[in-house]
> 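First the structure, then my questions, so here it is.
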Amino acid sequence: MTFEELNLSPAILKAITACGYTTPTPVQEQAIPLVMAGSDLIATAQTGTGKTAAFVLPALERLTVPSKVPGKGPRILVLTPTRELASQVMDAACKYGRGVRIRCGSILGGMPYREQMRLLSAPVDIIVATPGRLLDHLERGSVRLDRLEMLVLDEADRMLDMGFSEDMEKIVSRAPTERQTLMFTATMEKSVLGLAEKMLNNPQRIELAVRTSSHALIEQRLHVADNLSHKKELLRHLVSDASLTRAIIFSATKRDADELARELSRNGYPAAALHGDMNQIARNKTIERMRRGAIRLLVATDVAARGLDVNGVSHVINFDLPRFAEDYVHRIGRTGRAGANGIAISFVSSSELSYLERIERFIGKRLPEKNIEGLAPLSVLRRISGGNGSKRPGNSPGSRFAKPGGNKGKPASSGQGKSWGATAKPAAGARPSRAPAHQPVIEYRSRRPQV
Ligand code: AMP
């Protein structure tokens, strides 16, 4: 299928060609005709699939016809969980909409009100917003939704995870009932379906493979780490390799992200942290520096990196494994983009075994374990299951309600206070000779020579 066959206006087709796109991606091919026909839609598609254009292009198409309703409120509203994702949707709207006369802007938490008030003071076509701040404006009366024609809930599952359910409901209650509603989600959990039931009207459903099929160009591997200092040694080894041109390193907590970025910088590697405690201006600056190549290593948390679109990321390193299997897929999707090869390396310690098992069940394969000469782990991680797609009752792959086995539901943290390059010492601990099910097992082979 070609973009011409999707019946888009010449001005939009021209912008697509200028972006260098030749054929629609599968989600675009399926979603655009349905959206242009006016259907509500629920689509499972992740970042990296081209989902943004799948809703932005038909939204722009709608805007080629003038609104019949007087007023200043937006005709298209896109709600996103994070400011980064909102910025990317805005960028896409500007890029694809360059030939269409539109007025658009974002309403984001953590950003000054003055500019937002200016945006809302004249008729606006597209607003991309995070739910909290938009609701704030609705309650102050600085924006109304009576002109709204299309509502897009982007990464709806993540918005639910982040506790935006009530805000979303309040926003929707102020929108006209005859609007078109599109929902994009990485997972089709019960809570997402519940939201869809409340907000969508007889939706069409598109399910794109969430698994690694879209990650064919990404080499995935695993390094077993004895402890935090061993993880740091492994990281130092990896980042000293010249083939790593640009990497995103994921850590479990904001504090760890800061600490790792500081340690990497101290050791001469251009690095910076990206997490939710940074204000939006600092985050944008960091992303821009990464894009320009001033930063080679970005140490990020999941929320901050969600939707992050930086080209040329050669490596994704999971310094800590994510708690949710979907996040693993999201994380590794930061590399191997636009036909390039990528490498995704995960560190796993004994306390993260349950996360690893969950990821492997979700992606349907075992991550191959690799050792680096001189940095082999002293411990052997014995994986109980994984990679066969089997489901345990009450512990479904990637379920946000699943109970991790060994760490009582707390995110695996890389810990604090150890200095960069400290000698790894195996933690003491009794080792059962046979693993009881669900228990992480760690065995010690021999002592790594102390260096
Ligand atoms: P998204 O999933 O919307 O974050 O898009 C992922 C990346 O794919 C972005 O960098 C887009 O610019 C790019 N993209 C979107 N649609 C196409 C297409 N049809 N052909 C090539 N690249 C595309």
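Counting starts at 1 for both ligands and their atoms, following the listed order.
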> Got Val124 and Pro74 here, is their nearest side-chain heavy-atom distance under 4.5 Å?
yes
> Kindly confirm or rule out a cation-pi arrangement of Arg140 over Tyr113, judged by NZ or CZ under 6.0 Å from the six-membered ring centre and within 45° of its axis?
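Yes, cation above the ring, under 6.0 Å and within 45°.
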> Is Lys231 salt-bridged to Glu352, cutoff N-O under 4.0 Å?
yes
> I need the full list of salt bridge (Lys or Arg N to Asp or Glu O under 4.0 Å) pairs touching residues 104-124, with sequence neighbours left out, sorted by first then second residue.
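Of all non-adjacent pairs touching residues 104-124, none passes salt bridge (Lys or Arg N to Asp or Glu O under 4.0 Å).
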> Mind checking salt bridge (charged side-chain N to carboxylate O under 4.0 Å, His left out) for Arg62 and listing every partner two or more places apart, or none if nothing turns up?
Glu149
> Where the closest heavy atom to atom 19 (N) of ligand 1 is concerned, which of Asp154, Val89, Leu57, Thr23 has it?
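Shortest heavy-atom distance from atom 19 (N) of ligand 1: Thr23.
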> Counting only heavy atoms, tell me which of Phe3, Phe55, Tyr96, Tyr21 gets closest to atom 17 (C) of ligand 1.
Tyr21
> At under 4.0 Å between heavy atoms, is it the side chain or the backbone of Lys95 that contacts ligand 1, or both, or neither?
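Side chain only.
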> Geometry only, no angles: is Pro24 polar-contacting ligand 1 at N/O separations under 3.5 Å?
no
> Which atoms of ligand 1 are found less than 4.0 Å from any heavy atom of Thr52?
1 (P), 3 (O), 4 (O)
